[in-house]
Amino acid sequence: MRNIVIGFSKKSLRLGIAGLIIIVSIGWIGISQSETIIGDPAQGVNDTILGSKHDFSGLNRRAGVVAMPTVAFSDYSNPCVYCHIPPEQADSDAIAKGAIEGWNRYQPATDSFQLYDSWFIDSKTRTPSPISLLCLSCHDGTMAVDMVVFKPESFDLKEDTAMHMRINSEDNTISCGKCHNGRVAHDISIKYLAQDLRNDHPISMRYAGLLRSDEDFRKPHTAGGFDNGVRIYEGRVECASCHNVHDPSKDLFLRVNSDVLCQTCHTK
Ligand code: HEC
Ligand code: HEC
Ligand code: HEC
Ligand code: HEC
Ligand code: HEC
């Protein structure tokens, strides 16, 4: 797998507007699903993720507290690296370091996930795919939100005094639930899916409506999904089929409003 750097580097910022447009468009054409997307704060200056719940920069200011970045978790001064590989590590072998393929996060303990299962489900899956492991690496509550494979080069390790808290409703000093208990701050437990996914929508299974006609499922418009934005990843349903963390315009980052989401795929 080849790592590509998206957008432009800091150096190319000096090239002026015309140069930028060309570089940006080349960068975007180069993106395909299997390639690692590198988080570049220069490219991300206007990114839609900024100010959303997945933007860990400026969280203290937004929430009006002083205890999140630098105390609960490290402030890497780059909102992209909590998920994406920093640009200067584009050529590193992240997988050898234990990364989820394509992302700047460690593999959760995949053998401990209990996926949805039932005797009538078409295709059984035992391990979530990388793009869903990305989400679970925070939302299963076992790893700190700042536990990234590569910290940005600019990050001074001496500043790493954070408590490295996890999205977990427990009342202890390694869990955001210490404050996010519904009294000190909003209750975080609903964002905490844990490792038992049997009560959640199934993920990482083959989409039944893809290759053959199945009267229970609609056929996607393209291999990548449906015209309304609901996505199919290499024939599978993933967390990101329904959610787009880069689009905060709808509640809960849903790709389409919940009243039409289910019927996009299910006929009943
Ligand atoms: C919470 C995790 C997360 C953070 C933080 C994040 N991204 Fe992403 N990003 C994703 C996911 C997931 C995708 C894949 C979306 C898809 O394939 O549908 C993605 C895709 C992208 C893409 C590919 C374009 C596309 O829509 O397929 C670019 C470019 C990108 N991110 C840039 C950035 C930049 C720049 C930042 C920081 C400002 C950033 N991201 C922060 C999770 C994140
Ligand atoms: C780096 C850690 C991290 C990763 C990776 C991550 N999330 Fe989150 N997510 C969070 C945090 C923190 C919140 C906010 C929790 C809160 O408000 O209490 C959140 C909130 C959410 C919410 C609720 C939004 C709302 O408005 O309340 C959804 C939905 C969500 N994430 C989906 C995803 C999906 C899908 C992925 C994978 C593509 C993902 N997350 C990856 C940390 C993460
Ligand atoms: C010292 C207490 C404290 C700790 C620890 C803490 N928070 Fe918060 N957080 C707050 C307060 C107070 C608010 C603002 C009130 C609210 O949203 O309930 C807040 C708000 C937030 C928001 C909403 C901000 C916005 O603009 O959307 C998110 C997201 C969040 N916290 C995530 C986290 C995560 C993730 C952790 C653990 C890694 C964490 N917090 C740990 C006190 C804390
Ligand atoms: C089939 C579509 C679908 C898939 C797949 C899916 N979700 Fe969701 N998700 C939803 C819908 C709809 C909601 C809001 C209603 C609800 O809470 O059930 C939601 C809610 C959430 C919330 C917020 C709960 C709240 O009320 O604040 C989080 C966090 C979340 N999903 C993360 C994930 C993660 C992580 C995955 C993959 C393991 C995932 N979702 C897979 C559709 C989906
Ligand atoms: C991206 C397509 C997609 C979307 C959107 C979607 N589903 Fe599903 N759903 C599936 C697939 C595929 C299965 C697994 C079917 C199988 O393999 O038998 C499934 C299974 C289920 C199951 C388990 C039933 C069984 O056969 O065991 C339930 C319940 C369910 N979905 C409810 C929902 C709800 C509620 C929504 C809207 C919030 C929704 N789905 C949105 C594709 C989707």
Side-chain angles (χ1 to χ4, degrees), residues 4-7 24 27-28 30-33 35-57 78-84 87 102-105 113 115-125 128-140 145 148 167 186-193 197 199-210 214 216-218 220 224-226 228-233 235-247 250-266 268:
I4 55 155
V5 181
I6 51 121
V24 168
W28 279 77
I31 293 167
S32 86
Q33 249 171 257
E35 280 161 327
T36 302
I37 304 156
I38 314 292
D40 186 332
Q43 199 276 341
V45 282
N46 293 316
D47 199 278
T48 48
I49 212 136
L50 298 181
S52 78
K53 293 238 166 153
H54 290 106
D55 174 8
F56 294 108
S57 62
N78 174 339
C80 319
V81 300
Y82 295 91
C83 293
H84 297 288
W103 302 98
N104 194 28
R105 300 202 56 93
F113 285 114
L115 295 188
Y116 181 96
D117 201 355
S118 76
W119 63 270
F120 51 92
I121 203 153
D122 279 345
S123 58
K124 297 190 192 293
T125 339
S129 313
I131 192 165
S132 290
L133 286 174
L134 163 71
C135 318
L136 291 166
S137 75
C138 279
H139 285 280
D140 82 350
V145 296
V148 297
I167 298 181
H186 71 262
D187 189 347
I188 211 164
S189 55
I190 195 166
K191 322 288 177 187
Y192 164 45
L193 304 189
L197 304 176
N199 295 326
D200 303 307
H201 193 278
I203 50 154
S204 301
M205 69 297 184
R206 288 226 139 252
Y207 180 57
L210 196 66
D214 182 323
D216 294 336
F217 291 96
R218 288 180 220 283
F226 296 88
N228 68 6
V230 171
R231 291 196 53 179
I232 303 289
Y233 291 88
R236 292 171 195 275
V237 178
E238 307 292 351
C239 311
S241 295
C242 301
H243 297 281
N244 179 0
V245 294
H246 274 281
D247 182 7
K250 298 193 185 63
D251 277 352
L252 303 170
F253 306 107
L254 289 174
R255 288 197 180 264
V256 293
N257 290 329
S258 49
D259 53 336
V260 294
L261 177 63
C262 315
Q263 293 90 354
T264 301
C265 294
H266 293 270
K268 54 184 188 224

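The structure presented is a predicted model; accordingly, all values stated were derived computationally and were not measured. Starting from 1, each residue takes its place in the sequence as its number. These values consider heavy atoms only, across backbone and side chains, with no hydrogens, waters or symmetry-generated copies. Both ligands and their constituent atoms are indexed starting at 1 by order of listing.
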Test item: protein heavy atom less than 4.0 Å from atom 21 (C) of ligand 4: yes
Closest candidate by heavy atom, reference atom 24 (C) of ligand 4, pool Thr264, Leu193, Ile190: Ile190
Start with the C-alpha distance between Phe253 and His246, add both sets of side-chain angles, then the distance that settles ring pair (Phe, Tyr, Trp, His ring centres under 6.0 Å), and finish with yes or no. CA-CA 8 Å; Phe253 306 107; His246 274 281; 9.6 Å; no
For His246, the N, O or S atom at the shortest distance from atom 8 (Fe) of ligand 1 is NE2
Do me a favour and list the nearest non-hydrogen protein atom to atom 12 (C) of ligand 4 with residue, atom name and distance? Leu261 CD2, 3.8 Å
Does His266 reach ligand 5 with a nitrogen or oxygen that is under 3.5 Å from one of the ligand's nitrogen or oxygen atoms? yes
Which atoms of ligand 4 sit under 4.0 Å from any heavy atom of His139? 29 (C)
Nearest-contact summary for atom 5 (C) of ligand 4 - protein heavy atom, Å: Glu238 O, 3.5 Å
Is_contact(atom 9 (N) of ligand 4), protein non-hydrogen, under 4.0 Å: yes
Closer than 3.5 angstrom, by distance alone: can the side chain of His139 be matched with the main-chain N or O of Ile167 as a donor-acceptor pair? no
Enumerated ligand 4 atoms positioned under 4.0 Å from heavy atoms of Cys135: 35 (C)
Asp259, CG: over 12 other non-hydrogen atoms inside 6.0 angstrom: yes
If you take the nearest heavy atom of each of Ile131, Asp47, Ile37, which one is closest to atom 23 (C) of ligand 1? Ile37
Candidate with minimal heavy-atom separation from atom 40 (N) of ligand 1, of His54, His84, Arg231: His84
Side chain, backbone, both or neither: which applies to Ala240 and ligand 1 if a contact is any heavy-atom pair less than 4.0 Å apart? neither
Heavy-atom proximity to atom 11 (C) of ligand 5 ranks first, among Arg218, Met205, Arg255, Arg206, for Met205
Polar-atom distance check: Tyr233 versus ligand 1, any N or O pair below 3.5 Å? yes
Polar contact flag for Asp40 and ligand 1 (N/O pairs, less than 3.5 Å): no
Report the part of Cys262 in contact with ligand 5, treating N, CA, C, O as backbone and CB onward as side chain, heavy atoms under 4.0 Å; options are side chain, backbone, both, neither. both
Any protein heavy atom lying closer than 4.0 Å to atom 37 (C) of ligand 4? yes
May I ask you to test the Cys265-Val230 pair for a side-chain heavy-atom distance under 4.5 Å? yes
Region of Leu134 that comes within reach of ligand 1 [heavy atoms, distance under 4.0 Å]: side chain
Heavy-atom gap Phe217 to ligand 5 smaller than 4.0 Å: yes
Got an N/O contact under 3.5 Å between Trp103 and ligand 1? no
Nitrogen or oxygen of Lys191 less than 3.5 angstrom from that of ligand 4: yes
Atom 18 (O) of ligand 4: any protein heavy atom closer than 4.0 Å: no
Could you tell me how the ring of Phe217 sits relative to the ring of His266: parallel (under 30°), tilted (30 to 60°) or perpendicular (over 60°)? tilted
Counting backbone and side-chain atoms alike, does Cys83 have an N/O/S atom under 2.8 Å from atom 8 (Fe) of ligand 1? no
Output, by chain and residue number, all protein N/O/S atoms separated from atom 8 (Fe) of ligand 4 by less than 2.8 Å. His243 NE2
Close side-chain approach of Asp247 to Arg255, heavy-atom, < 4.5 Å: no
